[in-house]
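Start at 1 with the first residue, then count along the sequence.
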Amino acid sequence: MSKEILYVVDAISNEKNVDREIIFEAVEIALATATRKKNNPDIEVKVDIDRETGDYETFRVWEILDDESEEFESTERQILYSYAIKKDPSLEVGDFVREPMESIGFGRIAAQTAKQVIVQKVRQAERERIVEGFRDRIGTLVLGTVKRIDRRGIVLDMGDNAEALIPREEMLPKDMVRPGDRMRGYLKEIIDGGRGPQIIISRTDSNLLIELLKLEVPEIGQEMIDIMAAARDPGSRAKIAVRANMPNLDPVGACVGMRGSRIQTVTNELNDERVDIIPWDDDIATFVINAMKPAEVLSIVVDEEKKVMRIGVDEEQLSQAIGKGGQNVRLASELTGWQLDIMSDVEAEEESAKERALIQDKFIEKLDIDEDIANILVEEGFTTLDDLVYYFDDVCEIEEFNEELAEELRTRAQNALLTQAISGNSGSPAEDLLGMDTMDNALAYKLAAKGIYTMEDLAEQATDELLDIEEMTEERAGELIMIARAPWFADEEDKKETSADTEAENG
């Protein structure tokens with residue numbers, strides 16, 4: 001019978017182009033199944049076939065469980081550790097006890113039992129072999145024929161007995177197809193499931209739009225044009241940003257094509273999904289203005305820390321800028337990577353005025369300057385202390401400033417930044433500390449840098465704790481602390497007066 005097993009394995013392996021090891025494993029499973037049927041369906045059986053001679057041995061198998069295990073269910077398949085080590089002291093929990101048992105012959109009954117297992121294994125192996133040919137094509141455009149439509153989605157025939165699935169969540173809303181129709185998609189991934197690997201194709205991924213445009217615009221393949229970003233509302237609208245790598249080449253015109261022929265082909269493939277071609281710009285504000293089209297942007301307020309832009313548009317274009325269901329601004333945000341907040345020009349002006357007022361107040365506080373100078377800085381486009389340091393030449397060019405004033409502003413900005421850096425705290429002093437007798441703003445911020453924000457904080461200090469502040473003397477430190485403690489003594493006097501009044505009333 002050993003030669004018969006080798007013959008069966010070789011024959012099926014050659015006919016189906018499947019590895020011999022897979023067929024051997026299928027025959028072992030079949031022989032084990034037939035053995036259980038003949039002896040006891042509840043036992044566990046393992047068959048080992050010699051790959052060279054075809055001879056095989058059969059073993060009854062028990063899994064070793066811990067004596068306290070709650071998973072123990074049957075003595076037919078499991079054995080407790082305390083009993084197992086009596087047979088072999090080297091065994092451990094999780095190992096298997098194997099005992100030889102009589103092997104059944106590989107005859108007609110065993111062959112029939114093996115048939116279904118072998119067929120299943122062969123089909124699975126064939127499928128895995130076919131799918132492996134698609135792994136190198138992940139991230140590319142593929143074309144298939146609609147085989148059927150079921151509850152999972154659209155099943156495509158990819159040729160060479162390969163099937164792919166377009167899940168329902170990866171289908172376009174207007175995808176109405178019939179068996180036999182040709183359909184393109186983006187090969188998104190290959191997932192491993194219980195029934196073997198599955199090729200997944202997407203019609204909603206933004207990369208599908210990019211690959212379709214590459215197909216229609218040869219300048220992209222020739223690297224004359226780069227696709228920089230894409231955003232989609234699948235089946236409805238999309239925006240894609242392009243940049244030319246050659247002078248005098250219009251990237252938008254090249255992608256649109258003569259009379260819109262190129263972009264129309266892409267649109268037709270996506271079931272009339274509207275595609276806006278946006279010119280890329282390295283200046284993010286200009287890029288955002290381009291991305292917001294067809295709405296015309298009147299103003300932009302940028303918050304670089306939060307990566308937010310507040311976009312001002314004409315009141316009449318507000319709905320167009322936002323788009324149906326927020327579509328236009330949502331796609332523009334996705335395309336640019338910035339959060340875009342849309343407002344009317346009136347609201348934008350009010351917001352801008354608030355921003356300017358905040359910046360102006362910050363300059364007044366941290367630089368100890370008057371409102372007129374702070375207003376000039378804001379009007380000239382300076383928004384942070386860093387600006388005054390790193391763009392000092394621009395400060396010098398301000399018409400209302402002389403060189404001496406510009407230098408003083410830079411020095412104060414440097415001191416304020418240094419104080420923040422040393423303290424690791426950019427907190428501001430409280431109003432009571434700023435308004436304290438003999439206190440000036442510069443000193444108040446130096447105190448805040450040491451974690452002294454209020455008069456109460458200052459009152460709790462000792463004189464020597466303030467001496468590390470620049471230009472601070474022992475006399476000056478004592479004076480400040482006493483002024484800060486003045487409310488304490490006032491409270492004590494009030495208490496004494498109240499006590500005296502009470503005694504007088506009772507006397």
Side-chain angles (χ1 to χ4, degrees), residues 1-13 16 18-132 135 189-198:
M1 289 300 174
S2 59
K3 291 183 178 179
E4 185 176 347
I5 289 179
L6 294 178
Y7 172 76
V8 169
V9 169
D10 289 337
I12 297 176
S13 178
K16 299 295 185 179
V18 176
D19 189 85
R20 292 174 79 248
E21 182 61 28
I22 293 174
I23 309 302
F24 271 120
E25 290 175 359
V27 175
E28 287 174 339
I29 293 172
L31 287 170
T33 302
T35 302
R36 284 198 304 271
K37 286 183 178 179
K38 180 180 178 181
N39 294 276
N40 183 349
D42 294 328
I43 66 174
E44 187 65 45
V45 176
K46 180 75 169 63
V47 176
D48 292 337
I49 300 176
D50 189 300
R51 271 47 172 170
E52 298 298 328
T53 65
D55 295 331
Y56 58 92
E57 295 178 289
T58 306
F59 300 90
R60 184 174 176 181
V61 179
W62 290 267
E63 182 184 5
I64 302 174
L65 297 180
D66 186 88
D67 287 9
E68 304 298 328
S69 174
E70 297 180 357
E71 297 179 3
F72 186 82
E73 296 177 351
S74 170
T75 56
E76 301 290 352
R77 294 170 178 258
Q78 299 165 326
I79 186 172
L80 295 178
Y81 175 70
S82 58
Y83 291 99
I85 58 174
K86 292 178 181 179
K87 299 177 180 290
D88 184 350
S90 66
L91 293 172
E92 297 180 359
V93 174
D95 291 343
F96 292 88
V97 173
R98 290 159 56 110
E99 286 188 357
M101 64 183 298
E102 183 182 356
S103 298
I104 65 170
F106 188 68
R108 182 177 60 83
I109 297 177
Q112 287 177 344
T113 306
K115 181 179 179 181
Q116 184 176 0
V117 177
I118 293 174
V119 169
Q120 181 181 356
K121 284 281 187 180
V122 168
R123 286 178 177 172
Q124 184 176 345
E126 284 183 323
R127 184 170 181 170
E128 289 177 356
R129 177 179 57 81
I130 292 168
V131 169
E132 281 301 314
R135 288 198 183 275
E189 60 182 339
I190 295 177
I191 61 175
D192 295 319
R195 301 174 60 185
Q198 175 72 67

Which residue pairs pass the salt bridge (charged side-chain N to carboxylate O under 4.0 Å, His left out) test with at least one member in residues 88-97, sequence neighbours excluded? none
Contacts of R51 that satisfy salt bridge (charged side-chain N to carboxylate O under 4.0 Å, His left out) - sequence neighbours left out: E21, E28
Might you point out which heavy atoms bring F96 and L91 nearest each other, and give the distance in Å? O-CD2, 4.3 Å
Smallest separation among heavy atoms of G54 and I49, with atom names: O-CG2, 4.0 Å
Separation between CD (E68) and CG (L80), nearest 0.5 Å, reads 9.0 Å
Report the residues that fulfil salt bridge (charged side-chain N to carboxylate O under 4.0 Å, His left out) with R135, sequence neighbours left out, ordered by chain and then residue number. E132, D192
Can you name the salt bridge (charged side-chain N to carboxylate O under 4.0 Å, His left out) partners of D10, sequence neighbours left out? R20
Under the criterion side-chain contact (heavy atoms from CB on, under 4.5 Å), I'd like the reasoning laid out for Y81 against D66: C-alpha separation, chi angles, the key distance, then a yes or no. CA-CA 5 Å; Y81 175 70; D66 186 88; 5.6 Å; no
Minimal heavy-atom distance between D48 and K46, with the atoms involved, is OD1-NZ, 2.8 Å
Nearest-0.5 Å distance that lies between atom OH in Y83 and atom CG in L65: 13.5 Å
In terms of heavy-atom contacts, A32 and V47 come closest through N-CG2, 3.7 Å
Taking all non-hydrogen atoms of both residues, which atom of S103 and which atom of T58 are closest, and how far apart? OG-OG1, 2.7 Å
Test side chain to side chain contact (heavy atoms under 4.5 Å, CB included) applied to I43 - qualifying residues, sequence neighbours left out: R36, N39, N40, V45, R60, E76, M101
With rounding to the nearest 0.5 Å, note down the distance linking NZ in K38 to OG1 in T33. 15.0 Å
R77 side chain to D42 backbone, donor-acceptor under 3.5 Å: yes
Going by the rule side-chain hydrogen bond (donor to acceptor under 3.5 Å, both in side chains), which residues pair with D67 if we only count those two or more places apart in sequence or in a different chain? S82
With sequence neighbours left out, the residues meeting side-chain hydrogen bond (donor to acceptor under 3.5 Å, both in side chains) with E57 are none
Applying side chain to side chain contact (heavy atoms under 4.5 Å, CB included), can you list everything that pairs with K87, at least two apart in sequence or on another chain? I79, V97, E99
